[in-house]
Amino acid sequence: MEYYKEYIFWLILAMKIFLAHAKVPALIVFGDSSVDAGNNNHISTVLKSNFEPYGRDFYGGLPTGRFCNGRIPTDFMSEAFGLRPFVPAYLDPSYNIADFAQGVCFASAGTGYDNKTSDVLNVIPLWKEVEYFKDYQKKLKAYLGTAKANFIIREALYVISVGTNDFLENYYTLPHRRSQYNVDQYQAFLLGIAEKFTLDLYQLGARKIVLTGLPPMGCLPLERTTNYFGGNGNECIKSYNVVALNFNGKLNGLVQKLNGELTGIRAVLSNPYNTLLQMIQKPSAFGFESAAVACCATGLFEMGYLCHRLNPFTCPDANKYVFWDSFHPTEKTNRIISDYVIKHVVNVFL
């Protein structure tokens, strides 16, 4: 009798796990450094983070190419869906299609909706991420068979996190796009690309889609430092934050449009703006000590190679900081944001 009860227990548990996986059998990721799991390690670009102290709080203390001291939001999302606790990078040769069947990351740090943005630091443009996805589909069908592969492609959750670089790395830094568009026109230009990109994924089988909005980008430590040296004080650049809010509103409109026009799609907007802004404005309420500067190096302007392990100023405990380097959040911040998104946005897919 005891054996029978134990058997039933494990059978029910197995069924629950299967059903959880069946709802979202894989997490498929597109975007920039907010979700890049290490693809930039394998291309010719100066924008890399595959060295210490990056990754010092990741599994095994390994610098994987994530622009963080540990895990990034999509890692936490994958874990929440009962998949592995991190999403591997597609170009990482230590993984293969058996690993990618549960989740794969095509993102590239430094990229944007705008192809001109990816050109700045010679990273993977968004259209190339789609080409990698097509290649992934072929490999998945060869590995699992067409029926199982199509099930994963249809039921997977697609996360798109991109856009910040289009403004901070491109529009506000280089003159070309500013000579073509005012900021409202540039937002409309990016929105058109976002719509086409999402439609391309839909045509390739995607049905569950998360579009991620912009953070309060005027409050990133690098922008605050720029504001300080520009003589405006060590405060957020408010005009950048206004642009982020406006763009997020337009992305929300795109989500509603997609849901209304495309059969079988379920698109949602993940908007990190308010959650991150609360941490920046009241860091102590979340257990942080600093939001104005980052943990790595002086915390004012360093990222990438300037955040090398030999820099003597890097903080000993990243959990006290909202930002890891001058552009990217710490693992603790990523976890807080991810928890909110999981509970209030992607919970419709759980």
Side-chain angles (χ1 to χ4, degrees), residues 27 29-40 49-50 53-81 83-89 103 105 107-109 157 159-165 210-217 219-222 244 269-283 285-291 293-296 299 303-304 307 314-315 317-347:
L27 198 72
V29 183
F30 301 87
D32 56 24
S33 61
S34 60
V35 290
D36 184 359
N39 286 308
N40 274 24
S49 60
N50 56 340
Y54 285 99
R56 71 182 189 188
D57 298 310
F58 194 75
Y59 298 106
L62 296 175
T64 60
R66 289 167 172 81
F67 281 79
C68 186
N69 60 301
R71 289 194 282 171
I72 52 180
T74 41
D75 294 326
F76 292 113
M77 289 175 65
S78 177
E79 185 175 50
F81 281 100
L83 305 170
R84 70 170 70 205
F86 61 91
V87 182
C105 171
S108 175
L157 184 64
V159 178
I160 305 163
S161 181
V162 67
T164 305
N165 296 320
V210 179
L211 275 169
T212 301
L214 303 183
M217 56 189 184
C219 293
L220 303 182
L222 178 61
L269 178 69
S270 171
N271 188 349
Y273 187 97
N274 289 329
T275 305
L276 184 54
L277 186 63
Q278 288 172 14
M279 284 186 265
I280 292 167
Q281 292 176 334
K282 295 183 178 180
F286 297 86
F288 296 110
E289 293 182 4
S290 177
V293 298
C295 170
C296 193
M303 63 175 285
C307 274
T314 298
C315 76
D317 184 2
N319 287 332
K320 296 179 180 179
Y321 290 74
V322 174
F323 291 97
W324 164 247
D325 64 19
S326 66
F327 212 81
H328 303 99
T330 57
E331 179 183 67
K332 179 178 176 180
T333 302
N334 284 333
R335 181 186 287 276
I336 293 171
I337 292 172
S338 301
D339 285 347
Y340 178 85
V341 170
I342 290 162
K343 291 176 183 177
H344 299 283
V345 181
V346 301
N347 61 314

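One is the number of the first residue; the rest follow in order along the sequence.
- Aromatic ring orientation, F58 versus F86: perpendicular (interplanar angle above 60°, classes split at 30° and 60°).
- Counting heavy atoms from C-beta on, the side chains of L276 and P216 come closer than 4.5 Å.
- A 4.5 Å side-chain heavy-atom check between E331 and C68 finds at least one atom pair inside the cut-off.
- Taking 4.5 Å as the limit, some side-chain heavy atom of M77 sits within range of a side-chain heavy atom of L157.
- With hydrogens and angles disregarded, a donor-acceptor distance shorter than 3.5 Å links the side chain of R71 to the backbone of P85.
- By the neighbour-count criterion of 12 heavy atoms within 6.0 Å, atom CZ of F286 is densely surrounded, having more than that number from other residues, nucleotides or ligands.
- N69 places none of its side-chain heavy atoms less than 4.5 Å from the side chain of Y321.
- Taking all atoms of both residues into account, the shortest heavy-atom contact from S326 to P221 is O-CD, 3.3 Å.
- Looking only at side-chain heavy atoms (C-beta outward), T64 and Y59 stay at 4.5 Å or farther from each other.
- Across every non-hydrogen atom of N40 and S108, the tightest pair is OD1-OG, 2.6 Å.
- Closest approach of W324 and T330 over heavy atoms only: N-CG2, 3.4 Å.
- Within the 4.5 Å cutoff, the side chain of I72 has no heavy atoms near those of the F67 side chain.
- A side-chain donor-acceptor contact under 3.5 Å links Y54 to the backbone of G304.
- Under a 3.5 Å cut-off, the side chain of N39 and the backbone N or O of C105 do form a donor-acceptor pair.
- Partner of R66 under the side chain to side chain donor-acceptor pair (under 3.5 Å) criterion, chosen from N50, D75, D36: D75.
- Of all heavy-atom pairs spanning H328 and S33, the tightest one is NE2-OG, 2.7 Å.
- Considering every non-hydrogen atom in both P73 and S338, the closest pair reads CA-OG, 3.1 Å.
- Taking the side chain as every heavy atom from C-beta outward, T212 and S34 never approach each other to under 4.5 Å.
- Cys pair C315 and C296 fails the test of SG atoms under 2.5 Å apart.
- Side chain of S49 to main chain of G65: a donor-acceptor pair is present (N/O by atom type, distance under 3.5 Å, no hydrogens or angles).
- No side-chain heavy atom of M303 sits under 4.5 Å from any side-chain heavy atom of F323.
- Annotation for V87 and V29: closest pair CG1-CG2, 4.2 Å, computed over non-hydrogen atoms.
- Although no hydrogens or angles enter the test, the distance criterion places a donor-acceptor pair under 3.5 Å between the side chain of N347 and the main chain of V345.
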